[in-house]
Amino acid sequence: ADKVELLLDWFINPDHGPLIVAQQKGYFAEQGLEVSMVEPADPSMPPKLVAAGKADMAINYQPQLHQQIDEGLPLVRVGTLVATPLNSLVVLKDGPVKSIADLKGRKVGYSVSGFEDALLHAMLEKNGLTLKDIELVNVNWSLSPSLISGQVDAVIGAFRNFELNQMDIEGHPGRAFFVEEEGVPAYDELILVINAKDRGDDRYSRFMKAVEKATQFIVNHPQAAWQSFVSYKPDELDNELNKRAWADTLTRFALRPAALDTERYQRFGEFMQQQGLTKATPSVDTYATAP
Amino acid sequence: MDIRLEHASLHWQQHCVFSDLNLDLPSGLWTSILGQSGVGKSSLLQLLCGIADDAEIGGTLTCSDGKPLSGRVAWMAQDDLLLPWLNVLDNVLLGARLSQKRNVRPEQKELAHYLLSQVGLGDKADVRPSDLSGGQRQRVALARTLFQDRPLVCMDEPFSALDAINRLRLQDLAASLLSERTVLMITHDPLEALRLSDRILVLQGQPARLSNPIEPQGDTPRSVRDEALLHLQGELLTLLAQECA
Amino acid sequence: MDIRLEHASLHWQQHCVFSDLNLDLPSGLWTSILGQSGVGKSSLLQLLCGIADDAEIGGTLTCSDGKPLSGRVAWMAQDDLLLPWLNVLDNVLLGARLSQKRNVRPEQKELAHYLLSQVGLGDKADVRPSDLSGGQRQRVALARTLFQDRPLVCMDEPFSALDAINRLRLQDLAASLLSERTVLMITHDPLEALRLSDRILVLQGQPARLSNPIEPQGDTPRSVRDEALLHLQGELLTLLAQECA
Amino acid sequence: MSQLLRPVIIALGLTLLWQCIVWTTDAPRYILPGPLSVIATLIEQLPLLLRHAGVTLAEILIGLLLGVVLGLISALSLATWGGLKRWLMPVLVISQAIPVFALAPVLMLWLGYGMASKIAMATLIIYFPVTAACFDGLRQTPTAYLKLARTLGADKRTQLLQIRLPAALPAFGSGLRVAASVAPIGAVVGEWVGSSTGLGYLMLNANARMQVDLMFAALLILALIAVSLYFLIDLIARRLVPWQSDTLNSPTTGRSRSR
Amino acid sequence: MSQLLRPVIIALGLTLLWQCIVWTTDAPRYILPGPLSVIATLIEQLPLLLRHAGVTLAEILIGLLLGVVLGLISALSLATWGGLKRWLMPVLVISQAIPVFALAPVLMLWLGYGMASKIAMATLIIYFPVTAACFDGLRQTPTAYLKLARTLGADKRTQLLQIRLPAALPAFGSGLRVAASVAPIGAVVGEWVGSSTGLGYLMLNANARMQVDLMFAALLILALIAVSLYFLIDLIARRLVPWQSDTLNSPTTGRSRSR
Ligand SMILES: Nc1ncnc2c1ncn2[C@@H]1O[C@H](COP(=O)(O)OP(=O)(O)OP(=O)(O)O)[C@@H](O)[C@H]1O
Ligand SMILES: Nc1ncnc2c1ncn2[C@@H]1O[C@H](COP(=O)(O)OP(=O)(O)OP(=O)(O)O)[C@@H](O)[C@H]1O
Ligand SMILES: [Mg+2]
Ligand SMILES: [Mg+2]
């Protein structure tokens with residue numbers, strides 16, 4: 001079988017559902033692939049390692065991909081895992097912030113991804129504010145705790161399928177403002193990238209076929225898929241939070257993971273350049289392909 | 001103040017240095033102890049000074065005024081024990097620096113300077129101990145002991161590193177400055193003991209015992225040409241040589 | 001092998017200890033140096049041994065066989081310099097441990113044991129230096145120096161911490177073991193110098209100069225009751241006292 | 001008896017303190033859980049925790065070994081070649097000051113996501129304290145010992161190994177103690193940078209999922225490892241210098257004598 | 001002259017080494033950029049870098065001060081109350097072994113995301129090495145000095161301050177040196193956990209934006225701060241113990257004499 005070493009973006013969570021299910025159900029094996037998955041703690045590392053040729057494939061975020069391409073990393077997008085943004089601006093449900101306009105003069109926490117000020121900038125602009133009207137605080141790994149404990153009034157970078165559930169379980173339900181409804185063009189949250197020199201390698205088309213099959217299985221048999229997902233690491237994955245996140249993530253998996261919406265990528269690339277995060281907007285086929 | 005040590009015993013780990021030893025230090029007298037190397041002289045001195053920490057000790061120590069002895073002894077160790085981070089003057093002043101809360105008084109400083117000049121080191125007050133010769137270090141330690149002004153003064157071979165001339169001069173100095181004090185001195189030089197002491201004891205044997213005191217007559221410091229002294233020296237040497245037989 | 005030090009000078013920082021000093025050490029003879037405390041005896045010894053590192057030194061040192069002296073001197077320091085992490089036996093064996101690559105040979109071990117028993121410490125071979133008395137430490141240092149077996153032996157007050165009896169015994173021991181060697185000894189005891197030496201020098205003054213040698217006659221170790229010796233002792237003491245005047 | 005009792009009392013005391021902090025500051029569960037719930041989680045998840053702890057322990061031990069050996073060698077080299085020190089010391093300091101995190105990508109690139117990179121991290125963290133302490137010890141050897149050694153015919157290497165090194169052992173012991181106490185951090189930080197096993201991974205993972213109980217349980221085990229390691233090393237360090245008396249345990253501290 | 005030249009040569013040497021690593025390992029720019037592009041970025045972004053460096057420097061210095069003072073006090077207390085040691089030492093070790101990261105959320109909760117929490121981190125990291133080194137020094141005071149002090153009438157406190165403390169200064173110096181070299185890590189780690197200024201923040205941000213040049217430029221400045229700090233502290237530590245000869249700089253190392 002052909003080997004594929006896949007670097008995830010973070011520890012295994014429901015966002016990785018199709019990958020885990022494909023692995024557990026043997027869909028990769030059906031395609032003649034032997035996939036090994038590594039969980040890193042720093043999401044910015046995997047694309048670099050793939051670009052450096054140290055791994056075959058990595059999970060990436062679309063906004064980051066634009067920046068990486070801009071910096072000259074030889075990466076190519078070959079698939080989409082989650083086809084909508086998950087990122088959102090979260091505030092406490094019973095807190096003082098009822099609309100984005102209420103953020104004026106307040107603190108917004110974020111976990112550094114390199115992209116949050118662009119998001120915020122677009123969202124605030126739509127509501128008549130600028131970045132100067134708020135204070136940005138890097139809270140790194142404690143998005144929900146810093147919000148719940150009142151250290152910040154809002155956090156950007158929270159995943160709607162994850163942090164909202166987390167806060168709910170803690171008894172401090174949150175309210176999410178969805179970025180794509182607040183002036184940010186829609187984008188793919190989680191994508192799969194490979195090194196540009198591997199472009200056309202048929203391992204990845206087979207890989208995407210397996211992922212597509214897993215996604216169909218998940219949509220058709222949510223409960224069985226959940227069982228299959230937790231069977232990967234029963235003592236770590238089987239908990240309340242994952243169960244709820246699973247339910248919220250089901251609807252967001254890309255049903256055609258290999259398909260590429262060139263126009264959407266083009267539009268978002270222009271948005272990135274307009275926000276000053278990239279210097280140019282190269283043509284989409286240089287960095288994305290549908291294997 | 002008379003000091004009396006009774007039924008004293010001292011063990012270093014298993015090794016018994018002495019047991020059931022009695023020692024009288026009559027008030028105002030200068031007592032010297034001689035004895036073979038390793039017989040237990042320094043140990044006895046440490047026992048008296050209350051610093052024989054690692055040893056197992058026994059016995060009773062009484063002062064004629066009923067108060068405890070601790071805090072009233074000056075100890076001059078066999079090695080000089082100068083603190084390397086203090087200069088010579090501060091080493092002499094150490095007693096004042098350590099025992100009083102306030103700063104050193106000017107008259108104490110003056111006394112220290114005087115003592116330094118008396119031991120022949122008036123020009124070395126600002127020097128660090130590491131820059132001194134062996135005999136100079138010993139003289140600083142002596143000055144420190146003399147500075148302390150305690151009722152009982154215990155000195156462990158205080159003149160051993162000095163040349164003949166300096167030795168005589170410092171013996172005279174010590175004799176005059178300590179004339180009113182109770183003194184216990186360890187020495188290996190019979191003539192030195194005879195010159196300075198009112199009572200001379202020999203420590204010998206294992207476990208060690210003290211001999212009967214030899215008591216030279218006359219005012220100290222005595223002249224070393226004295227006939228009686230030379231006679232006593234012969235007696236002492238016989239006593240010391242006894243053990244080797 | 002004769003050793004000759006010419007136009008030697010030594011300064012500690014600004015302080016000039018001696019300059020333009022000449023010293024001859026004739027082959028096979030025992031030379032003693034006396035002198036006031038702090039006059040520069042130990043410094044001179046360190047200069048000879050090549051270890052006066054912090055001092056500014058000058059002069060030439062020549063051996064009659066033309067080879068350099070370094071590596072052919074045994075040095076016994078004024079303090080004992082026993083290494084605290086080695087037991088007594090290993091301290092005596094230190095020369096062997098440090099200078100040869102291989103392990104200590106059995107006959108070296110035997111020699112060390114023999115020397116220890118000769119200095120009266122046969123039963124302390126396994127003890128750490130910290131558990132010894134001052135005189136015992138000095139005896140270990142002496143045993144270490146005797147163990148070294150070098151053409152030139154330099155000893156700085158080697159018997160100063162010993163009682164009269166042990167001192168005589170160890171003087172005899174040293175005299176017999178070092179009979180063929182060139183020896184330089186520093187001492188404060190004129191009688192000791194007279195008993196052991198072939199040549200006695202007095203170091204005095206500032207900057208220090210060496211006196212003319214006093215050369216007692218007869219085989220060493222001499223008896224201390226010898227008339228001629230007592231006469232020379234008087235001469236020596238006058239020499240030593242001179243400076244104070 | 002008191003030897004056995006003391007750790008128990010300390011543990012209980014700390015637990016009580018912890019509980020008090022929870023009570024007085026009213027810290028919410030997701031920031032500082034109470035000891036009881038943490039211990040419950042600990043017992044419940046013991047197999048999981050032990051599995052990860054094993055990995056971390058292995059990393060710590062290997063890292064400690066490598067760090068100490070490298071540190072010792074470096075200190076000895078610095079001491080041997082006097083000139084080297086002036087040139088190499090700044091480099092060592094820089095190497096220490098660069099946060100290992102920043103080096104992580106480079107390390108990952110070379111060593112991959114396996115155990116090697118974590119061991120490298122732990123080694124890096126341990127390396128400097130050992131080097132610095134041991135080097136400080138080496139350079140403070142009493143001059144007289146060295147002079148003696150020279151007259152005894154010791155060459156530079158022998159002086160270093162037989163005089164300087166034993167004289168530096170107390171300082172080396174201090175370095176070892178510091179190293180033992182930072183080694184766990186090294187391993188955990190290594191795991192944070194990238195891995196799917198080990199207590200560090202577990203903690204980060206639990207933290208991300210707000211399973212703060214589990215995170216603290218992992219922390220507890222880590223603390224246990226650290227303390228055991230420290231006291232083991234302390235014992236060894238004491239053995240290294242049997243001639244050095246600990247003046248705090250002896251009565252020299254000034255017990256007044258009444259007789 | 002050579003005093004000034006040496007750092008320059010070292011810097012050049014390291015730069016060359018760096019460039020060689022880049023060449024030989026063929027590391028891509030986004031993992032290990034070459035020195036030239038980093039220096040270009042450094043010059044270009046100097047105002048930005050300096051602004052953030054100022055914040056970090058302040059955190060380091062205050063943290064160092066606090067850590068050293070607290071460490072010294074702890075060591076003195078441990079030495080004063082002999083019994084305390086057996087009870088407190090395990091606690092100290094635990095405190096050291098718990099990765100500051102894990103405490104970060106708790107610290108942030110109490111101290112907020114401002115400077116205080118970063119100073120606390122730096123302090124925490126420095127605290128233990130200083131305490132351990134100083135305590136080791138205190139407990140190895142030569143017994144004879146303490147005996148002498150007792151006969152001189154020194155009470156326990158005076159013994160501690162006038163005998164044990166000076167005798168421990170060389171060890172304390174070693175501790176200071178280690179502290180100086182870990183302080184920058186403390187501050188940067190604090191900034192990683194939560195902040196909006198400082199070099200650590202800048203590095204994190206640059207890393208996320210793939211501005212690896214900028215990240216390494218920040219790293220360069222951090223290294224510079226660390227090295228300056230180390231040598232400053234080294235100087236101070238030497239001043240502390242003027243009576244202690246550095247046997248490596250003196251010719252005692254075995255220079256053979258030819259005359
Ligand atoms: N390391 C040093 N640094 C500075 N000065 C020193 C040093 N060692 C000795 N001196 C000075 O040099 C002079 C000679 O010292 P030296 O040790 O040679 O005397 P000495 O004749 O051996 O005296 P003693 O009989 O007391 O041992 C003294 O005045 C001393 O203060
Ligand atoms: N700290 C110690 N630990 C164990 N044994 C010791 C210790 N100090 C001394 N001894 C032993 O106790 C005995 C007596 O030692 P002490 O120092 O009292 O001798 P001393 O009479 O002063 O000899 P010297 O004239 O050589 O100084 C010696 O045999 C010595 O080995
Ligand atoms: Mg003695
Ligand atoms: Mg001398």
Side-chain angles (χ1 to χ4, degrees), chain B residues 12-13 15 17 34-43 54 77-80 119-121 123-124 127 130-139 156-157 159-170 186-191 193 202-204 224 233 236-237 239-245, chain C residues 12-13 15 17 34-43 54 77-80 119-121 123-124 127 130-139 156-157 159-170 186-191 193 202-204 224 233 236-237 239-245:
Chain B
W12 292 109
Q13 287 107 23
H15 177 63
V17 179
L34 281 91
Q36 284 225 345
S37 163
V39 77
K41 303 178 296 296
S42 301
S43 307
D54 307 329
Q78 192 164 0
D79 13 324
D80 43 70
V119 300
L121 294 173
D123 55 337
K124 298 270 183 190
V127 164
S130 58
D131 291 357
L132 294 182
S133 79
Q136 288 169 337
R137 293 173 64 98
Q138 195 173 42
R139 284 182 273 164
D156 203 342
E157 308 185 21
F159 309 110
S160 63
L162 298 181
D163 58 290
I165 309 300
N166 268 309
R167 185 181 285 222
L168 284 177
R169 199 163 52 202
L170 291 188
I186 293 176
T187 178
H188 284 311
D189 183 350
L191 263 184
V202 174
L203 191 69
Q204 53 193 358
V224 279
Q233 185 186 9
L236 248 181
L237 281 174
L239 239 174
L240 283 169
Q242 248 176 33
E243 195 174 3
C244 305
Chain C
W12 292 111
Q13 287 109 23
H15 176 63
V17 178
L34 280 91
Q36 283 225 345
S37 164
V39 76
K41 304 179 295 298
S42 301
S43 306
D54 306 330
Q78 195 165 359
D79 9 325
D80 43 69
V119 300
L121 294 173
D123 56 336
K124 297 270 183 190
V127 164
S130 58
D131 292 358
L132 294 182
S133 78
Q136 287 170 338
R137 292 173 65 96
Q138 196 172 40
R139 284 183 273 163
D156 203 341
E157 307 185 22
F159 309 110
S160 65
L162 298 181
D163 56 291
I165 308 301
N166 268 308
R167 185 182 284 224
L168 284 177
R169 201 165 47 201
L170 291 189
I186 293 175
T187 179
H188 285 312
D189 183 348
L191 262 184
V202 174
L203 190 69
Q204 54 192 359
V224 278
Q233 185 185 7
L236 248 181
L237 282 173
L239 240 173
L240 284 169
Q242 251 177 29
E243 194 172 5
C244 305

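Letters go in sequence order (proteins before strands), and every chain restarts at 1.
- Side-chain contact between Leu162(B) and His188(C) is absent, with no heavy atoms from C-beta onward closer than 4.5 Å.
- Considering every non-hydrogen atom in both Ser133(C) and Ser37(B), the closest pair reads OG-OG, 3.9 Å.
- With a 4.5 Å cut-off on non-hydrogen atoms, Ser42(B) does not touch chain C at all.
- For chain C, no part of Asp79(B) is nearby; none of its heavy atoms comes within less than 4.5 Å.
- Of all heavy-atom pairs between Leu237(C) and Ala164(B), the closest is CD2-CB, 4.1 Å.
- Note that CG of Asp163(B) is 10.5 Å distant from OG1 of Thr187(C), once rounded to the nearest 0.5 Å.
- Taking chain C as the reference chain and counting heavy-atom pairs below 4.5 Å, the highest number among Pro190(B), Ser160(B), Ala161(B) is found for Ala161(B).
- Side-chain contact between Gln13(C) and Asp131(B): present, with at least one pair of heavy atoms (C-beta onward) separated by less than 4.5 Å.
- The contact between Arg139(B) and chain C is made entirely by side chain atoms (from C-beta outward), counting heavy-atom distances below 4.5 Å.
- Of the two parts of Gln136(B), the backbone and the side chain both hold a non-hydrogen atom closer than 4.5 Å to a non-hydrogen atom of chain C.
- Across Gly38(B), Gly40(B), Gly35(B), Gly120(B), the residue that shares the most heavy-atom pairs under 4.5 angstrom with chain C is Gly38(B).
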